[in-house]
**Q** 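Can you keep this structure in mind? I'll have questions shortly.
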Amino acid sequence: MRPYLLLTPGPLTTTDTVKQAMMSDWCTWDEDYNLGIVEVIRKELVEIATSAPDEYTAVLMQGSGSFCVEATLGSVVRPEDKLLVAANGAYGKRMGIISEYYHIDCHVMRFEEIEPVNANKIDTYLNEHQEVTHVSVVHCETTTGVLNPLEEIAAVVKRHGKILIVDAMSSFGGVPIDMAKLGIDFLISSANKCIQGVPGFGFIIARRSLMEKCKGIARSLSLDLYEQWETMEKGHGKWRFTSPTHVVRAFMQALTELKAEGGVEARHARYCENHRVLVEGMRALGYKTLLPDEQQSPVITSFYYPSADFNFKDFYLKLKAKGFVIYPGKISQADTFRIGNIGDVHPTDFMKLIETIKES
Ligand SMILES: *Cc1c(COP(=O)(O)O)cnc(C)c1O
């Protein structure tokens, strides 16, 4: 079932048991599916996300992670509101692009791709622009692997009384986050990242009191987050349109496996160990990381090309033939490639990867 390991930040390597969970057909409106699977998932997602589960609610949405970011911005930010987006990579920029499509009044505060978002600059901007109503930020910028200082950013945004939207796509489930403690209002992630499911849908965890106020804001039918939520809430797990039933069933299996591993803390510890083995091994071979260690997430790591004549395509194909698929770089300032640490991959896999790179 595994011709090679995906050392990529989603889709990623899943367990055989997650894949096997897709071997039955489910009826999209039957109770076995709605009550037995969808409602269980919604409840468990909220429990993972916050220490105050009564204040939050979860909604699942068809499509990839970007569909869920778009659904959120387009269903939460009103035409008369103003959004501040802090962007230090492709996913932050994408929130700005979504805002353009929706004609949302939006300011994109740009940071270098190799620096974390600076909470003080957000503070200064909010002091000068009291008309801002919402702030959105990416937690782990998968573009480089930088982990933005979510606690500091959230503290500033909350001090100003603004609504905080977090793209935690590549960190949720793999890096501990407590929405209630930080004051996060909307958090977005998808099935095929740290929960270790397969691609096909994403989810939004929202402060219930705010979600209830979003009726009629959306400018898209399919991506109307409020309508999707209301249908799931009133219909006890019912989706508005055809749901990715097999993918959802696989996701429930992935949640069971997350619990069996020991929850988010244990998964975070494994990812950190994967990352440590990778970086120590690569440094011993002469490779340099793009980011300093203090800014680095355990999710994905960018490495500089080791020399000017380095041929990434050759390197990629050699590793693939030996069972490892890695990721090209995504930034313009430097020649880099990326190696993901998330998925059903373990420190021993990274030891083998280092041996393989040493021999190639
Ligand atoms: C994966 C990811 C997304 C969503 O990307 P899709 O290709 O739409 O799944 C958004 N933000 C971040 C930070 C991501 O890592």
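Below, all heavy atoms of this structure are taken into account, side chains as well, without hydrogens, waters or symmetry copies. Both ligands and their constituent atoms are indexed starting at 1 by order of listing.
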**Q** Is a donor from one side chain sitting under 3.5 angstrom from an acceptor on the other, for E113 and T143?
**A** no

**Q** Going by atom types only, do E70 and Y102 share a side-chain donor-acceptor pair under 3.5 Å?
**A** yes

**Q** Between D344 and H346, is there a side-chain donor-acceptor contact under 3.5 Å, judged purely by atom types and distance?
**A** yes

**Q** Just to be sure I understand the cut-off, which residues have at least one non-hydrogen atom under 4.0 angstrom from an atom of ligand 1?
**A** S64, G65, S66, Y91, R94, V138, C140, T142, D167, M169, S170, K193

**Q** Any side-chain to backbone donor/acceptor pair from E47 onto S51? Under 3.5 Å, distance only.
**A** no

**Q** Can R338 and T301 be counted as having a side-chain donor-acceptor contact under 3.5 angstrom?
**A** no

**Q** Compute whether any side-chain donor of one residue and acceptor of the other, for Y4 and T13, lie under 3.5 angstrom apart.
**A** no

